[in-house]
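Proteins get letters first, then strands, A, B, ... in listed order; numbering begins at 1 in each.
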There are 2 protein chains.
Amino acid sequence: MEEKANGGPRRERRTRAGREDDRDIRRAILEATRELLAERRLDEIAVADILAAADISRGSFYFYFESKHDVLAALVRQAVDQGHTAARPWLRHGDEDERYATVRHGISEGARLWRDQAPVLRAIVENWRSDPKLTELWLQQMEGYTAATTTRIEQDGSGAAVDPRALATALTWLGERLYYLAAIGVPPFDDEEALVDVLTHIWMGSLYQGASSDGDEQGGRPGADERGRP
Amino acid sequence: MEEKANGGPRRERRTRAGREDDRDIRRAILEATRELLAERRLDEIAVADILAAADISRGSFYFYFESKHDVLAALVRQAVDQGHTAARPWLRHGDEDERYATVRHGISEGARLWRDQAPVLRAIVENWRSDPKLTELWLQQMEGYTAATTTRIEQDGSGAAVDPRALATALTWLGERLYYLAAIGVPPFDDEEALVDVLTHIWMGSLYQGASSDGDEQGGRPGADERGRP
DNA sequence: GGCAGACCATACGCTCTGTCTAGATAGTCT
DNA sequence: AGACTATCTAGACAGAGCGTATGGTCTGCC
């Protein structure tokens, strides 16, 4: 409906003037999908809905994207790029307080990214298993965080009792899950501070022996190789 | 299968004799679906596939179940019942070694349940968000574990630095995620021992400050044999 | 014999997907 | 100007899948 049925084809809707806005339609699709994702789940959105929201034709849609999932993939790439993923300085050498602050900061950054990009991230978490490309995309994304965390764990020799890589993978996916639960409003993580508190606590507890807040933990334990792990 | 196209209606396929096997068809549906889930994802299974596998008609299917998701709900209930969920003695008072052993045991039990019921649990994890009833079912299931864990945390006053309930929720969902990753073969959790090691480490580290990593690798621990990694 | 219940086969209407055709429009080339 | 090309539109289409409905058939029981 809308200004659509005014008789003639609504031509000037999009100025086909310059070359630079050549991807106009592509962007309209992405934007419309993003907006729809803020209201419904991906499986509740039909391609026809996107068509209507972006005010384009079916042909155009399939010219730019292979499928609904393909659109989601593009949105996810946008989202994580924008959140300049590398913004994970993570752990750093330093005294106990500094490590705590650094870990907590990284976790808060994650929360911020999820707050800003909730609809898209929610969608990828719910759908990455239903499409090979999405599966690869999301696993790769998680792998990025895992690799960064692994490096850090190995560098300051924390959490030496278990395989650093396994620990890093676990912490990464823990984040994925809790941020997601927060995004869909499952208590107690609907409160962002509670979320950050717990995540930080678990990170600190599994990386260094001391828990989060009480300051009784000793510094550095650089040994870290008690089992002669490869 | 296959004895289907022998011409006449295959009557005696199921003895309609007694009253007790009245639910024969219902069970055939559940069993067929379970088998199909061992091979494909739920979204790749059409109702027609279940019909063929169970060798029943469309009408019968919808007599016993409302939908594919309804079947999954029944399967999930079966699965967790069978795994006598309550089998989570979890943490118990005791010295460091005993606590470690108890936690590890509970986690191993979880791994066993997931090993036995992998197809069904994989399916519910992948689909609980796409249906209100499944959402409630799974959240309730997680709530069960969370409640048990919360009680235990409060009882022995561990992990006092954060809200016990939030911590318990986080640990529960961490398990859900890691068991799931194991079930779909994501490394390093395709190795069950690595999975149990890390989960135990994180539980210990966040419940008690002395985590499982403090240098004293005394006997209580099975050593984890340091299998390297792929 | 006749009734009721369980089940079967099949068809139906609907929604959604992805492809395809034909036509309109705008900028470009000669 | 007129032809050309790329882009986009509208809409038809086939195919899959879902959930419902209809009519027939078998079995056991009164």
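When side chains are defined from C-beta on, B:Asp49 counts as touching B:Arg40, because their heavy atoms get closer than 4.5 Å. With a 4.5 Å cut-off on side-chain heavy atoms, B:Trp138 and B:Leu121 count as touching.
When the P atom of C:dT19 is taken as reference, atom CZ of A:Phe65 falls 15 Å away, rounded to whole Å. Rounded to an integer number of Å, the gap from B:Asp24 CG to D:dT27 P is 15 Å. Rounded to whole angstrom, the span from the CG atom of B:Leu51 across to the P atom of C:dT10 amounts to 13 Å. In this structure, the CZ atom of A:Arg26 is 20 Å from the P atom of D:dA6, given to the nearest Å. The interatomic distance linking B:Asp55 (CG) with C:dC7 (C1') rounds to 12 Å, in whole Å. As a whole-Å value, the separation of B:Ile29 CD1 from D:dG19 C1' is 14 Å. Spacing between atom OH of A:Tyr64 and atom P of C:dT19 amounts to 17 Å, rounded to whole angstrom units. Summarising the geometry, the separation between CD1 on B:Ile25 and C1' on D:dC26 is reported as 13 Å, rounded to the nearest angstrom.
No hydrogens or angles considered: a donor-acceptor pair under 3.5 Å links the side chains of B:Tyr180 and A:Arg129.
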All N/O contacts under 3.5 Å from nucleotides 15-17 of chain C to the protein, with atom names and distances to one decimal?
| residue | atom | partner | partner atom | Å |
| --- | --- | --- | --- | --- |
| C:dT17 | OP1 | A:Val47 | N | 3.3 |
| C:dT17 | OP2 | A:Val47 | N | 3.2 |

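B:Ala54 approaches B:Ala28 most closely through the heavy-atom pair CB-O, 3.7 Å.
Between A:Ser57 and the phosphate of D:dG11, there is no side-chain N or O to OP1/OP2 separation shorter than 4.0 Å.
As judged by a 4.0 angstrom heavy-atom cut-off over every strand, A:Ser60 is placed among the base-contacting residues.
Relative ring orientation between B:Trp173 and B:Trp128 is described as tilted, the plane-to-plane angle lying within the 30° to 60° band.
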Can you give the donor-acceptor pairs under 3.5 Å from side chains of residues 69-80 of chain B to other protein atoms, not counting sequence neighbours?
| residue | atom | partner | partner atom | Å |
| --- | --- | --- | --- | --- |
| B:Asp70 | OD2 | B:Glu66 | N | 3.0 |
| B:Gln78 | OE1 | B:Arg34 | NH2 | 2.8 |

